[in-house]
Colleague: 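Here's a structure for you.
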Amino acid sequence: MALINLTDISLSFSGNHLFSNVSASIHKQEKIAIVGRNGSGKSTLLQLIQGKLEPDDGQIKKAQLISIAEVEQKLPDDPEIRCGEYILSGLGKLGVVIREYFALLEEPEADSDSWAERLGKLQSEIEHQDGWDLVNRIQQIFNSFNVNENTLVNELSGGQIRRMAILKALARQPDILVLDEPTNHLDIDSIEWLEKQIADYQGTVIFISHDRAFTAKLATKVWDLDRTVLTVYDCGFNDYLQRKQEALEREEVEQEKFNKLLAQEEAWIRQGVKARRTRDMGRVGRLLEMRKQKAQFIKQLGSAKFDIKQGEISGKLVYELKNIDFFLGENCIAKDFSALVTRGDRIGLVGPNGVGKTSIIRCLTESLPIDSGKRKTGTNIIPAYYRQHAFFEDENKTPSDIVADGQQELDVDGRKKHVISYLGEFLFSPQRCRTPVRLLSGGERNRLQLARVFLKPSNLLILDEPTNDLDVETLEVLEDKLSQYGGTVLVVSHDREFLDNVVTSVWFFQGEGNIIQCVGGYSDLKDQLAESLEATSSIQAAAMPEPVAKKGEKKGSTKLSYKLQRELDAMPEQLNEAENAIERLESIIGQADFYTQDNDEVQRVLSGLETAEQHLEQLMARWEELEMLKEQSASC
């Protein structure tokens with residue numbers, strides 16, 4: 001039996017037709033992803049499901065006693081609310097009872113008869129509603145966060161608040177959980193934590209997300225909202241993408257046939273006077289209907305097709321850091337960190353929120369001073385900066401004013417282009433081009449900032465969280481354009497698929513000044529971290545001392561085995577070879593014309609040096625391990 005049935009739903013806002021005869025069903029334990037372009041009505045559809053809006057036509061039928069909970073998008077209004085109260089506030093009357101019960105336990109006159117009577121009634125009410133299981137779940141929440149229930153909510157970090165809001169919705173175990181862009185502004189650790197919470201949740205989940213990796217991992221069904229029509233795909237996200245592409249290709253073929261037939265009918269209607277006297281009025285009626293259908297085709301939103309304006313080529317070296325220490329107050333951002341950024345690199349900066357990713361970019365660009373070490377900036381660098389939170393000086397200005405400053409035409413790669421045409425490449429309709437910025441959605445504001453940034457010539461793009469609120473199609477175009485961009489890209493992002501598709505290397509901020517560099521995308525970083533953890537565990541296991549024999553037990557052999565002794569004897573020669581290999585590579589890199597070579601050759605040598613250094617570190621660790629085992633055997 002369906003939890004919710006939508007039948008022939010239609011809805012319009014201010015003449016804008018969002019839905020036409022939408023029908024769908026929601027069942028138990030489904031994980032439904034609603035996908036579609038920005039402005040297609042996804043969030044409005046969620047509001048209809050929750051009962052916050054009523055449709056113009058059609059019916060929405062819900063099962064009896066069904067519970068729906070959504071994750072709040074904003075902070076609680078009360079600045080003094082504590083974490084325990086915040087979680088309980090989402091539980092209705094039961095939350096009030098639980099709160100009163102624990103408040104009563106702390107009252108000083110706990111020995112009075114009235115106190116005991118009231119406590120007993122509250123306890124019975126909690127037991128009647130299975131509230132103790134809920135109390136245990138809430139306690140587990142605080143234990144998992146290492147947060148006290150008496151902590152003020154406004155003392156939490158942004159990521160902790162987002163997690164708390166999610167857990168507030170989950171605590172009541174609703175039949176349907178509603179999530180609207182839950183991954184926005186979460187770091188990767190928090191996103192992966194959320195994935196686990198949703199994957200383990202036994203209820204139904206309906207969500208909107210532009211994070212493709214998140215959607216691909218969780219969705220068991222996809223609702224595709226496209227040009228007022230909802231199509232239900234009973235499959236996961238990756239299968240949906242293939243089926244959607246096939247549907248668009250079929251539609252394109254059908255549209256070509258339709259256009260040929262329409263052209264024939266238009267030619268017929270324009271025939272001479274005699275033909276018009278004898279024309280078939282039924283055929284005329286069909287022509288008029290075909291014209292309406294053609295108008296509907298024309299209304300289809302175009303694809304984003306913007307370009308990035310590229311400036312003069314920069315020098316081979318863009319930035320170089322040598323053994324820098326970089327602090328912000330007491331917070332160590334980088335400790336003894338060295339890095340080289342060369343022309344054409346596309347570097348992704350990842351790590352928890354607040355760890356210093358944006359600060360290290362400001363350090364690179366010399367906006368912030370370093371505490372020690374050396375910093376070098378290359379020649380002829382023309383940067384363009386996309387900031388995480390779109391800031392516009394005057395929010396009453398229109399997008400046309402923002403990018404053209406009151407002019408009607410723009411200079412785009414040496415060609416004149418009308419501002420409306422240019423903004424149309426970023427999916428702005430003529431009407432939205434003339435709408436005040438303060439009325440734009442989050443996705444529109446981000447696209448407007450992209451339009452402004454990409455209009456300026458550059459050879460260095462610095463992008464701080466560019467993927468937030470962008471629909472999947474715009475994301476794919478952005479990925480393609482960044483991959484073709486001939487300059488250098490530094491990008492801060494928590495979108496794992498975006499990183500895999502765009503960057504050539506990753507800087508991973510572990511915190512406390514530790515930054516790991518990895519060639520490849522986010523998936524390569526995860527593999528490297530997993531290998532490093534496995535190697536560390538193996539070394540620790542090998543270095544564990546033999547258990548001390550109990551009195552009366554015969555001791556095992558304490559002599560270093562023949563195989564291990566041979567390995568130890570060969571270590572000096574191996575260490576010498578590894579050090580010589582590093583010296584040879586450093587000599588090559590130190591040559592004056594090294595960075596004038598092809599970028600691929602430069603990267604090959606630099607990667608070789610990094611591999612050689614890692615190999616030397618592994619040999620040193622193994623040598624120390626064998627020496628320790630030898631000392632232990634000698635002392636027995």
Colleague: Ion pair present between Glu465 and Lys357, side-chain N to carboxylate O less than 4.0 angstrom?
Modeller: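 No, this pair does not count.
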
Colleague: Verify, without hydrogens or angle tests, whether Ser67 (side chain) and Asp175 (backbone) share a donor-acceptor contact under 3.5 angstrom.
Modeller: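 Pair found, side chain donor or acceptor close to backbone of Asp175.
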
Colleague: Answer with yes or no whether the side chains of Gln242 and Asn238 bring together a donor and an acceptor at under 3.5 Å.
Modeller: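 Asn238 vs Gln242: no donor-acceptor pair found between side chains.
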
Colleague: Taking the side chain from Gln50 and the backbone from Leu48, do they hold a donor-acceptor pair closer than 3.5 Å?
Modeller: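 No, the answer is negative, given that no donor and acceptor are paired below the 3.5 Å cut-off.
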
Colleague: When you measure from the centre of the six-membered ring of Tyr86, is the NZ or CZ of Lys168 closer than 6.0 Å and no more than 45° off the axis?
Modeller: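 The answer is yes; both the distance and angle limits are met.
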
Colleague: Let me see the working for Ile26 and Ile32 under side-chain contact (heavy atoms from CB on, under 4.5 Å), right down to the final yes or no.
Modeller: CA-CA 8 Å; Ile26 301 170; Ile32 301 172; 4.1 Å; yes

Colleague: To the nearest 0.5 Å, tell me how far Ser400 OG sits from His418 NE2.
Modeller: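 If I round to the nearest 0.5 Å, the distance is 8.0 Å.
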
Colleague: Can a donor-acceptor pair be found between the side chains of Ser10 and Asp56 at a distance below 3.5 Å?
Modeller: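 On atom types as modelled, these side chains do not qualify, holding no pair under 3.5 Å.
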
Colleague: Is there a donor-acceptor pair under 3.5 Å between the side chain of Glu54 and the backbone N or O of Gly51?
Modeller: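 No: the side chain of Glu54 does not pair with the backbone of Gly51.
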
Colleague: What verdict does the side-chain contact (heavy atoms from CB on, under 4.5 Å) test give for Tyr201 and Leu170, after you've listed the backbone C-alpha separation in whole Å, the side-chain angles of each residue and the deciding distance to 0.1 Å?
Modeller: CA-CA 8 Å; Tyr201 185 59; Leu170 286 171; 3.6 Å; yes

Colleague: Closer than 3.5 angstrom, by distance alone: can the side chain of Arg346 be matched with the main-chain N or O of Val502 as a donor-acceptor pair?
Modeller: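 Side chain of Arg346 to backbone of Val502, a donor-acceptor pair under 3.5 Å: yes, one is there.
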
Colleague: How are the rings of Phe454 and Phe426 set to each other: parallel, tilted or perpendicular (split at 30° and 60°)?
Modeller: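 Tilted: the ring planes of Phe454 and Phe426 meet at 30° to 60°.
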
Colleague: Is Arg387 positioned over the aromatic face of Tyr385, cation under 6.0 angstrom from the ring centre and no more than 45 degrees off axis?
Modeller: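 Ring-cation test returns yes.
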
Colleague: Please identify each residue that fulfils side-chain contact (heavy atoms from CB on, under 4.5 Å) with Ala2, with sequence neighbours left out.
Modeller: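 Once residues adjacent in sequence are excluded, the partners of Ala2 under the side-chain contact (heavy atoms from CB on, under 4.5 Å) criterion are Asn5, Ser25, His27.
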
Colleague: Given Arg496 and Glu195, is the salt bridge (Lys or Arg N to Asp or Glu O under 4.0 Å) satisfied, shown in steps?
Modeller: CA-CA 13 Å; Arg496 294 157 291 177; Glu195 284 177 348; 2.5 Å; yes

Colleague: Consider salt bridge (Lys or Arg N to Asp or Glu O under 4.0 Å). Of Lys217, Arg163, Lys526, which one does Glu192 pass it with?
Modeller: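 Single pass found, and it is Lys526.
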
Colleague: Please answer whether the main-chain N or O of Asp234 pairs with a side-chain N or O of Tyr240 as donor and acceptor at a distance below 3.5 Å.
Modeller: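 No.
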
Colleague: One pair to check against side-chain contact (heavy atoms from CB on, under 4.5 Å): Leu179 and Glu70. What are the steps and the verdict?
Modeller: CA-CA 6 Å; Leu179 302 169; Glu70 67 173 332; over 6 Å; no

Colleague: Could you tell me whether the side chain of Leu218 reaches within less than 4.5 Å of the side chain of Val205, counting heavy atoms only?
Modeller: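 Sidechains of Leu218 and Val205: no contact.
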
Colleague: Atom CG in Asn446, atom OG1 in Thr474: separation rounded to 0.5 Å?
Modeller: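 With rounding to 0.5 Å, CG (Asn446) is 10.5 Å from OG1 (Thr474).
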
Colleague: Report yes or no: do Ser458 and Tyr485 form a side-chain donor-acceptor pair below 3.5 Å?
Modeller: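 Tyr485 and Ser458 do have a side-chain donor-acceptor pair below 3.5 Å.
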
Colleague: Does the Lys NZ or Arg CZ of Arg445 fall within the cation-pi geometry relative to Phe392 - under 6.0 Å from the ring centre and within 45° of the axis?
Modeller: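 Output no; distance or angle outside limits.
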
Colleague: Could you check whether any side-chain N or O of Ser421 sits under 3.5 Å from a backbone N or O of Lys417, counting only pairs where one atom can act as donor and the other as acceptor?
Modeller: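 The answer is no, because no donor-acceptor pair under 3.5 Å joins these two groups.
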
Colleague: So, taking the atom named CG in Leu6 and the one named CD1 in Ile49, what distance separates them when rounded to the nearest 0.5 Å?
Modeller: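 Output value for this atom pair is 5.5 Å.
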
Colleague: Within the structure provided, determine whether Ile60 and Ile4 are in side-chain contact (heavy-atom separation under 4.5 Å).
Modeller: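 A side-chain contact under 4.5 Å exists here.
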
Colleague: Supply the atom-to-atom distance Ile208 CD1 to Thr183 OG1, rounded to the nearest 0.5 angstrom.
Modeller: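 With rounding to 0.5 Å, CD1 (Ile208) is 11.5 Å from OG1 (Thr183).
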
Colleague: Thr220 side chain to Lys31 main-chain N or O, any donor-acceptor pair under 3.5 Å?
Modeller: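 Yes, because the side chain of Thr220 sits within donor-acceptor range (under 3.5 Å) of the backbone of Lys31.
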
Colleague: Would you mind reporting whether Leu423 and Cys433 have side-chain heavy atoms less than 4.5 Å apart?
Modeller: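 Yes, close enough: below the 4.5 Å cut-off.
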
Colleague: Is the backbone N or O of Glu497 less than 3.5 Å from a side-chain atom of Asn501, with the two atoms forming a donor-acceptor pair by type?
Modeller: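 Yes, Asn501 side chain to Glu497 backbone: donor-acceptor pair under 3.5 Å.
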
Colleague: Looking only at heavy atoms, which two atoms of Gln510 and Val355 are closest? And how far apart?
Modeller: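 For Gln510 and Val355, the tightest heavy-atom pair comes out as C-CG2, 4.4 Å.
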
Colleague: Less than 4.5 Å apart, any side-chain heavy atom of Phe428 and any of Leu448?
Modeller: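 Result yes, sub-4.5 Å side-chain heavy-atom pair found.
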
Colleague: Which atom names give the shortest non-hydrogen contact between Thr467 and Ser493, and what distance separates them?
Modeller: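 Scanning both residues, the minimum pair turns out to be OG1-OG, 4.0 Å.
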
Colleague: Do any N or O atoms from the side chain of Lys42 and from the backbone of Ser209 form a donor-acceptor pair under 3.5 angstrom?
Modeller: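 Checking the backbone N and O of Ser209 against the side chain of Lys42, no donor-acceptor pair under 3.5 Å is found.
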
Colleague: Quick one: are Asp57 and Ile9 in side-chain contact, heavy atoms under 4.5 Å?
Modeller: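 SC-SC contact between Asp57 and Ile9 ruled out.
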
Colleague: Find out whether Leu463 and Val492 are in side-chain contact, i.e. whether some heavy atom of one side chain is under 4.5 Å from a heavy atom of the other.
Modeller: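 Not in contact.
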
Colleague: Which atom pair, heavy atoms only, marks the closest approach of Gly41 to Phe19?
Modeller: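 The answer is O-CZ, 3.4 Å.
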
Colleague: Measure across His210 and Leu475 and return the closest heavy-atom pair with its distance rounded to 0.1 Å.
Modeller: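 What the structure gives for the nearest pair is O-CD1, 3.6 Å.
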
Colleague: Under a 4.5 Å cut-off applied to non-hydrogen side-chain atoms, are Trp507 and Cys518 in contact?
Modeller: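 No, every pair of side-chain atoms sits at 4.5 Å or beyond.
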
Colleague: Just checking, is any N or O donor in the side chain of Asp345 or Thr488 under 3.5 Å from an acceptor N or O on the other one?
Modeller: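 On atom types as modelled, these side chains do not qualify, holding no pair under 3.5 Å.
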
Colleague: Do Val519 and Asp524 make a side-chain contact, defined as non-hydrogen atoms from C-beta onward lying under 4.5 Å apart?
Modeller: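 With C-beta onward as the side chain, the pair stays apart.
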
Colleague: Could you walk me through whether Leu349 and Thr358 pass side-chain contact (heavy atoms from CB on, under 4.5 Å), step by step?
Modeller: CA-CA 9 Å; Leu349 285 72; Thr358 302; over 6 Å; no

Colleague: What's the spacing between Thr398 OG1 and Arg434 CZ if we round to 0.5 Å?
Modeller: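 Separation between the atoms: 8.5 Å.
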
Colleague: Measure from the side-chain N and O atoms of Asn459 to the backbone N and O of Gly487, and report whether any donor-acceptor pair falls under 3.5 Å.
Modeller: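 A pair under 3.5 Å: no.
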
Colleague: To the nearest 0.5 angstrom, please state how far the CG atom of Asp495 sits from the CG atom of Asn184.
Modeller: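 It comes to 10.0 Å.
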
Colleague: For residues 235-247, which residue pairs pass the salt bridge (charged side-chain N to carboxylate O under 4.0 Å, His left out) check, not counting sequence neighbours?
Modeller: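 Found Asp224-Lys244, Asp226-Lys244.
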
Colleague: To check you understand the geometry: which heavy-atom pair defines the closest contact between Asp189 and Pro352, and what is its length?
Modeller: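 Result for this residue pair: OD2-CG, 4.1 Å.
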
Colleague: Between the side chains of Ser483 and Asp480, is a donor N or O closer than 3.5 angstrom to an acceptor N or O?
Modeller: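 There is no such pair (donor and acceptor under 3.5 Å, judged by atom type) between the side chains of Ser483 and Asp480.
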
Colleague: Work out which heavy atom in Val506 is nearest to a heavy atom in Gly520; give both atom names and the distance.
Modeller: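 Closest heavy-atom pair between Val506 and Gly520: CG2-O, 3.4 Å.
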
